Amino acid sequence: MRRYFSILLILLSLPLASRAQERDWGSVSGSFESNSILYMEDPVVGKNKNPYGSNNYLKVDWLRGNLSAGLAAEYYPEPLSGYPEALKGAALTGLYAAWNPGLFEVRAGSFYEQIGSGLLLRSWEDRELGINNPLVGGNIAFRTKNNGLRLRILGGAPLYCLRLSDTFISAGDVSIDIPSIFGVESPHSFRIEGSIMDRTVRSQEENISLLASSAGFTLPSNILSWSGRLQYSYSGLSLKAEYVGKGADFTAEHLKGGREKYDLRGGSAALAEINYAIGSFSVSALYRRLENMYSPIFQTTGSRIPANTLNYLPSLCMQQTYLLAGLNPYVTYADGESGFQGDIYYSFKKGTALGGKYGMKFHVGGSWIDALPSALPNRDTPYLAYRDINIDLEKVWSRKFRTVFFVSIQENSPTHGNRKATDAQNVFVVDGLYKFTKKVAARLELQYLYSEELTKDWMAAVAEVTFAPHWSISFSDMYNHGSTGNHYYQGGVAYSLSGLNVSLNFGRTREGYVCSGGVCRWQPAYKGANLRIQWAF
């Protein structure tokens, strides 16, 4: 461990050394983040099994002309509550070198990559979710001068909780823009794309192998999947379509009576998206269907966690940012769902009757998601898993005062559509920001959730005062007056200086899903003091 911290100190001193020699040796940049919580016993949320948790990340990149290199390291003396216990320890989680002269790039070591929308493959990092699954291997990309043709070949083993997995991913991707490839200058863009991916599993978990054997089949060592995509754009219009076919993999089918049936089954995904914008008006619509699209790094009898995933399946609904609107979020049902999401945006211009002197923004959107019968043990037809309608109105009243009025009507099935019973809730929010001076501003949120189910009615308030450019103070409280009478309060202070941000928060956190980009992880309840340090250099 001493050696690890010695290396850490040397790496942190690199930027200082490099600046003096930047002309000869290139430039160094990077970031350091530490997120630590001291847990406390509480009569409402109980006692955490560990007295503290700490997640620490370091990233350093070097660049000189066409050459670049970098590394990343992580250290978890005790992972924060809600993160996998397998993260405990320290490791070098990223090390790469790359050459990019312009039309092609060669990269060796660790890298992040996404194919299409991510339905087939996505390796990425999201610290809020505990995901960091870069591929360790090689990546070669080529493009023509006019971007008419793009090719990519990659291969590597994904990282899982600080350690290299026994799975190997190899993939190829091609993208052709029809007008450009023939040298035709056109305002229309029509792109055809295709990908193929092989997942080679070098070793299987013993329990999974036993279940497969008991069902009379052998687990495949290779799972071959593919993707076909179309993209068209002209002026303010863009259209996208994608279809993914997933090779046969281990599947546990839930049957009536709580029994499970084990089988080898392929999967599929279909996506269609349309976006249109003209002036101050824009509209978007998205349809997606998933069937057996859970794509883990390795199969396990344990619970599904975001860290053990190879593709990107965000929830097909609005990503809520207000406390009560995101109290019971919908989580994607990879086993089988189909749904639609649509949004309309309109900006009322300044000087109009509704826009007033400073203008006004309006948004209405909604989603409808059904669970497919192939994933429902008690049903033979699709049934509602989730639906919502969201309306928000942002109005600037003066140079000092702005308000947002937000309404969200949600209905969620706790069984993902396997039973008719659903939980409904209506959320109302008033959000106001007032600038006293150029440096001092205050923001206040008042929220109310009405529901006949679950823990019934909630109310919440968030107050924040900023003293630009360095200080901010905030306080929030969620109060469940409909059922439990519990308060979930948070208070904190934050300081920023150049690339350094430090925040200290104290309070009680309710159990539930923490979501980032539509992907969620389960967070147990806790009470504690949270210190977060972020430094970009």
Side-chain angles (χ1 to χ4, degrees), residues 74 76 79 82-89 91-94 110-115 118-126 129-137 154-171 196-215 217-226 244-254 260-267 269 290-313 331-335 519-522:
E74 299 180 25
Y76 304 83
Y83 288 76
E85 285 293 327
L87 284 171
K88 186 173 182 178
L92 194 65
T93 55
S110 60
F111 60 91
Y112 299 101
E113 193 58 86
Q114 176 171 315
I115 293 178
L119 290 170
L120 182 65
L121 172 69
R122 189 189 195 196
S123 61
W124 86 104
E125 180 187 24
D126 192 310
L129 298 175
I131 292 178
N132 189 17
N133 61 348
L135 300 177
V136 181
L154 60 93
L159 203 69
Y160 172 76
C161 291
L162 306 184
R163 295 157 186 85
L164 208 59
S165 68
D166 286 334
T167 298
F168 190 85
I169 302 298
S170 53
I196 189 168
M197 183 186 82
D198 177 73
R199 173 160 56 102
T200 302
V201 184
R202 294 166 176 168
S203 63
Q204 302 280 4
E205 185 181 275
E206 184 178 357
N207 290 338
I208 291 291
S209 298
L210 290 174
L211 290 175
S213 179
S214 68
F217 64 89
T218 303
L219 291 170
S221 57
N222 292 81
I223 297 96
L224 192 66
S225 304
W226 60 275
V244 175
K246 176 191 166 190
D249 198 1
F250 177 86
T251 304
E253 181 182 354
H254 303 284
E260 287 190 332
K261 176 185 176 182
Y262 307 106
D263 198 0
L264 284 178
R265 187 189 305 168
L290 305 174
E291 190 160 5
N292 193 29
M293 278 303 295
Y294 176 58
S295 185
I297 297 173
F298 61 91
Q299 291 285 1
T300 176
T301 53
S303 59
R304 296 179 180 181
I305 61 174
N308 184 25
T309 185
L310 281 171
N311 57 349
Y312 181 55
L313 305 176
V331 180
T332 299
Y333 198 27
D335 291 350
V519 181
C520 305
R521 69 169 174 86
W522 181 256

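Positions are given from 1 along the sequence. These numbers were taken from a predicted model, which means no experiment stands behind them.
A heavy-atom distance below 4.5 Å is not found between the side chains of Val201 and Gln299. Contact check for Arg199 versus Ile169: side-chain heavy atoms found under the 4.5 Å cut-off. Leu162 places a side-chain heavy atom less than 4.5 Å from the side chain of Leu87. Residues Glu125 and Tyr112 form a side-chain contact, since some pair of their non-hydrogen atoms from C-beta on lies under 4.5 Å apart. Put simply, the side chain of Leu119 reaches to within 4.5 Å of the side chain of Leu290, judged on heavy atoms.
The closest donor-acceptor contact from the side chain of Asn133 to the backbone of Thr309 lies under 3.5 Å. Side chain of Glu205 to backbone of Thr301: a donor-acceptor contact under 3.5 angstrom is found. Although no hydrogens or angles enter the test, the distance criterion places no donor-acceptor pair under 3.5 Å between the side chain of Ser165 and the main chain of Tyr160. Side chain of Ser110 to main chain of Val136: no donor-acceptor pair is present (N/O by atom type, distance under 3.5 Å, no hydrogens or angles). Judged purely by atom type and a 3.5 angstrom limit, Asn292 uses its side chain to pair as donor or acceptor with the backbone of Arg265. Not one N or O on the side chain of Ser123 forms a donor-acceptor pair closer than 3.5 Å with the backbone of Leu121. For Asn132 (side chain) and Thr93 (main-chain N/O), no donor-acceptor pair under 3.5 Å exists by modelled atom type.
Checked against ring-ring contact (aromatic ring centres under 6.0 Å, His included), Phe168 has no partners two or more places apart in sequence or in another chain.
Salt bridge status for Asp126 with Arg521: absent, with no side-chain N to carboxylate O gap under 4.0 Å.
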Listed pairs under 3.5 Å, donor-acceptor, residues 217-226 side chains, sequence neighbours left out:
{"from": "Asn222", "atom 1": "ND2", "to": "Asp198", "atom 2": "OD1", "distance (Å)": "3.3"}
{"from": "Asn222", "atom 1": "ND2", "to": "Asp198", "atom 2": "OD2", "distance (Å)": "3.1"}
{"from": "Asn222", "atom 1": "ND2", "to": "Thr200", "atom 2": "OG1", "distance (Å)": "2.9"}
{"from": "Ser225", "atom 1": "OG", "to": "Gly247", "atom 2": "N", "distance (Å)": "3.2"}

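Considering every non-hydrogen atom in both Lys246 and Tyr294, the closest pair reads NZ-O, 2.6 Å. For the pair Leu313 and Ala334, the tightest heavy-atom approach, listed with the atom from each and the gap, is CD1-CB, 3.7 Å. Taking each heavy atom of Ala157 and Leu164 in turn, the nearest pair found is O-CD1, 3.6 Å.
Atom SG of residue Cys161 and atom CD1 of residue Ile131 lie 10.5 Å apart, to the nearest 0.5 angstrom. Taken from CZ in Arg122 to OG in Ser295, the straight-line distance is 14.0 Å, to the nearest 0.5 Å.
Partner Cys520 forms a side-chain contact (heavy atoms from CB on, under 4.5 Å) with one of Leu129, Thr332, Val331 and no other, that one being Val331.
Side-chain polar atoms of Ser209 and Gln204 form no donor-acceptor pair below 3.5 angstrom.
Judged as a salt bridge (Lys or Arg N to Asp or Glu O under 4.0 Å), not a single pair has a partner in residues 155-164 (not counting sequence neighbours).
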Steps toward side chain to side chain contact (heavy atoms under 4.5 Å, CB included) verdict (Leu120, Asn311)
CA-CA 6 Å; Leu120 182 65; Asn311 57 349; over 6 Å; no
